[in-house]
Amino acid sequence: MYEQYSHSILNEILDKLKPDLKEQDLSYFYTRLGANFYSLFSLFESLYGQRADFRQHLLNLVEVMARQYLARAPELRALDLARERDFNWFLSPQWAGMTLYADGFTEDLPNLYEKLDYLEELGINLVHIMPILDCPQNASDGGYAVSDYRKINERVGHLTDVVKLAEEMRRRQMLLVLDIVVNHTSNEHDWAQKARRGDPQYQNYYYTFPNREIPDMFEATLPEVFPQTAPGNFTWDETMGRWVMTVFNTYQWDLNYQNPAVFIEMLDIILFWANQGVDILRLDAVAFLWKSLGGSSQNEPEAHRLLQLFKDCCQVTAPGVLFIAEAIVAPVEIVKYFGEDAINAKECEIAYNATLMALLWDAAATKNAKLLRRGLKNLPAKLERATWLNYIRCHDDIGLGFTDEDIRQAGYEPFTHRRFLLDYFSGKFPDTNARGLLFGQNPKNNDARISGTLTSLIGLEAALEQEEVNLIDLAIQHIILLHSVIFSFGGIPLIYYGDEIGTLNDYSYMGNLSKANDSRWAHRPKIDWKKAQLRQVKGSVEERIFGALQRMIRIRRQIAAFGDFNNREWLDLDNPHFLSFWRLDPQGGAPVLVIGNFDAHHQYLDLSDLSLPFPLFQNARQLKDLYSGEAPAQFQNQLVFPPFRFYWLTVESQI
Ligand code: OTU
C-alpha cells in the first residue's frame, strides 16, 4: 500500500543509507521494501514511535535488511524468486518432516550428512534439527539457552558443516529447519555478561530490577512454566546485584523487546541464518515475547506485532524463508500466530498444531474420538495461505491443552478427565499399558504434563516386556493409526526421530545430575542404529512401523486431496470410536474419505445408513483403501474396522 507519510520517511531513509549500500544492485530489495514499508513502518512506530531515537532505529533496521540482502548468495536469491512465483509451494502434500537431535539421531552434523539417505528412504524431505547453537554444557535446556547465535556448538560441528548440509539438502530438494530462540538467551551470552558487569546498555537488553517491587507485581499474575525446576519468574544475579526476568529456567534470561535494539539484533540473527541456506526458521516460545504487568504476559498484542514485523522484514531480504510459530497455547490463541484478518500469513506461515497433538493423546487413552472430534471441529479456521505442522510427539512434554468447554461438550467433567489422562499415561490407572512420566507437576493447581516416547506411551514397551504378541500387534497398529491422522489431516506431518523404529523411553537421564529432574529427557534418546537396521527384517517391530510410515508418506504424496487448501469436511458418524473426514481435491478430482477406528476392538459402519455428499461412497463394494491398495474389509454393505484400523477410501471406478 502507498501511504504518503510512511513513503516520505522511506525516501528520507534511502537518502541517508550509507554510500556503499546505495551503489549496489538492490532492485529486488527496493521493490520488496516498497511493498512492505507502510506495514513495516506502522508496526515499528506502534511499538517504538514514542522514543526520541525512533528514526535512528528505523534507519538501522533498514540497513540490517539491506546488508543481509547483499550477503545473500545468488542461489538463495534465485530460490526466493522461484518461491515467489510458486507461492503455495509449502501447502503441497509432498512434504514430510522429521525433528531430530544432531547428537541423538546421529553423533554430530557431519554424521547427520551421512544419514540423509536413511531419511530419504523413509520419505522425509523436511528436517528440523533441534538447537545446535553454542550453549553452556549443562545449563542449556537442551540447547534452548543460547550463548552465541552465530556459532555452532562445538560438540556437534561447525558453521561450515551446516552450510554443507544445507547445500546437499537443497540438491536433494529437502528443506532445512533450524531454531531461533527469540525469547531469551543463556545467562552466559555476551549481552548477559555485559549486563552482569554493570553495562546499562546491555542491562536494557533484559528486564532487570534493583529490588522486588516490580517482580512481585509481575508474580501476582504470571503463571510458572517450569514450576518444579524453576519456580517463579525472576532470578537474583549476584554479580549484577539485580533481579532479572527468567520465565523459563533461571539461566534463561528473557529479552526485552521494549528496546528496539533487541529487535534489530534478533532480526539480524534471523537473516544471518536465512543466508546460511536455512529454509524454515522455528521461532521458539513466541507467545512470550512481550511482557506487561497485570496478566500472563503471553499472547500479548505486541507479541503479534513483533512477529508481523519480523515477517515483513524477512520478506524484504529473504522472501523464500518461512517461519514456524512454536506457540503451545490455547486453541483459539494458536491460530492467531498466522496473523489475523488476512488471507496469507502475516506472522508465521506454519504453526505447531498442539491442539491436534493433545487431542490425539486423549483419543489414545479413552479409545474413542469424542473429544478429538469436538476439539477439532472447534479449532478456529486458519488462513488460506498458512499451514499446520501436525505431530504426535516432539522433544517437549504433552500438555493437555484442550479447553474445559470442549471436555464438557464431549461429556466429561474437566478436572476428573484430566486427572484420568495423567493417571493413564503415568501408569497409575489400573487398565493401562502406558509408560509415561509426569512433568512440570504443580502442587498449587494440581497441573501436570506428560513425558515419554510415543512407543512407550502407547503401550509397546510394556507389551514387549510381557511378550504378548496380541498386545504388541495392537500397539503397532495404534502407532500407525495416529500417524495416519497427521498424514491425512492437512498440513505438514512431522515425525519425531526414533518413532519410525519404535524407540522406547531412555531412562539413562536419571543418572545425570543436570537432567535428572527434567523427565523430557526420557524421550530424547540416542538412536540405536543396530535397531534401525532391523527395519529390513520382515515382521520385526521396526520393519512394521518404518514400512507403514514409509508407505503412508509415499501415498500421501500422490494424493492432491491431501494438500492443505482448506479442503477438509467433517463427516459425523454416530459411533464415538470413529474419526472421519473428507479430503477434497482442490482441482475437483476424486475426494478421499478418511475413517479411523480408535477402539481396541472391532467396529463396523453401515454405509446404507448414511447420506453422503458423494453417493458413490455409499456402496462398500466400490471402495478402495488407498493405504493397503485393497478393498476395505466388509460384510454386506458394512465396512469392518479391525482394532485401531484406518482407511483412506476412494471410489474404485474413479481411480
Ligand atoms: C519451548 O517450549 C521449547 O520447545 C522447550 O524445549 C524449551 O524448554 C522452552 O521453549 C524454552 O526455550 O515455550 O510456547 O511445556 O511447551 O516451554 C511454548 C513446555 C514454549 C513447553 C514450552 C515451550
Side-chain angles (χ1 to χ4, degrees), residues 99-101 104 128-133 135-136 138-147 149 177-187 189 222-230 233 245-255 266 281-291 296-300 303-304 306-307 323-331 333-337 347-348 350-355 357-358 361 389 391 393-401 422 436-442 447-452 494 496 509 514-515 517-524:
T99 291
L100 52 84
Y101 284 94
H128 167 215
I129 309 177
M130 291 292 293
I132 47 172
L133 298 185
C135 63
N138 290 323
S140 78
D141 190 21
Y144 285 103
V146 177
S147 41
Y149 285 94
V177 185
L178 287 187
D179 279 88
I180 305 288
V181 187
V182 282
N183 179 68
H184 44 262
T185 74
S186 154
N187 58 352
H189 189 284
L222 285 185
E224 291 175 329
V225 182
F226 298 136
Q228 267 178 317
T229 47
N233 290 278
M245 189 178 228
T246 54
V247 168
F248 292 88
N249 287 298
T250 54
Y251 51 80
Q252 288 166 305
W253 288 22
D254 286 73
L255 284 164
M266 200 47 81
L281 297 169
R282 174 194 183 275
L283 305 184
D284 184 58
V286 287
F288 294 81
L289 286 182
W290 194 267
K291 291 12 182 223
S296 68
S297 285
Q298 288 183 40
N299 310 312
E300 296 289 331
H304 286 284
L306 288 167
L307 289 167
F323 290 167
I324 298 176
E326 195 258 350
I328 313 302
V329 290
E333 295 296 339
I334 298 184
V335 79
K336 295 182 187 163
Y337 288 89
E347 297 183 17
C348 299
I350 307 172
Y352 276 82
N353 197 348
T355 314
M357 180 277 295
W361 285 105
L389 203 55
Y391 64 111
R393 284 302 289 119
C394 71
H395 70 289
D396 276 331
D397 47 291
I398 301 167
L400 305 175
L422 295 175
L437 301 112
L438 291 182
F439 175 77
Q441 281 170 280
N442 191 341
D447 197 16
R449 283 117 68 183
I450 301 150
S451 286
L494 187 71
Y496 188 59
Y509 77 96
S514 70
K515 295 179 177 169
N517 54 11
D518 187 338
S519 64
R520 291 178 299 174
W521 289 100
H523 56 257
R524 297 172 179 177

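None of the values given here were measured: they were computed from a predicted structure. In each ligand, atom 1 is the first atom listed, and ligand 1 is the first ligand listed.
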- [ ] List for me each residue that meets side chain to side chain donor-acceptor pair (under 3.5 Å) alongside Asp518, sequence neighbours excluded, and say none if there are none.
- [x] Arg520

Task: Set of ring-ring contact (aromatic ring centres under 6.0 Å, His included) partners for Tyr149, sequence neighbours left out - done: His189

Open item on the list: Under 3.5 Å, is there a donor on one side chain and an acceptor on the other for Arg282 and Tyr352?
Closed with: yes

Open item on the list: Quick one about Tyr144 and Asp179 (side-chain donor to acceptor, distance below 3.5 Å, no hydrogens or angles considered), yes or no?
Closed with: yes

Open item on the list: Test of understanding: with side chain to side chain contact (heavy atoms under 4.5 Å, CB included), list the residues that count as partners of Ala325, not counting sequence neighbours.
Closed with: Val286, Tyr337, Cys348, Ala351

- [ ] Report all protein residues having a heavy-atom distance below 4.0 Å to some atom of ligand 1; order the list by chain, then number.
- [x] Asp141, Tyr144, His184, Val225, Phe226, Phe248, Gln252, Arg282, Asp284, Ala285, Phe288, Glu326, Ala327, Ile328, His395, Asp396, Asp397, Arg449, Arg520

TODO: Give me the ring orientation class for His184 and Phe248: parallel if the planes are under 30° apart, tilted from 30 to 60°, perpendicular past 60°.
DONE: tilted

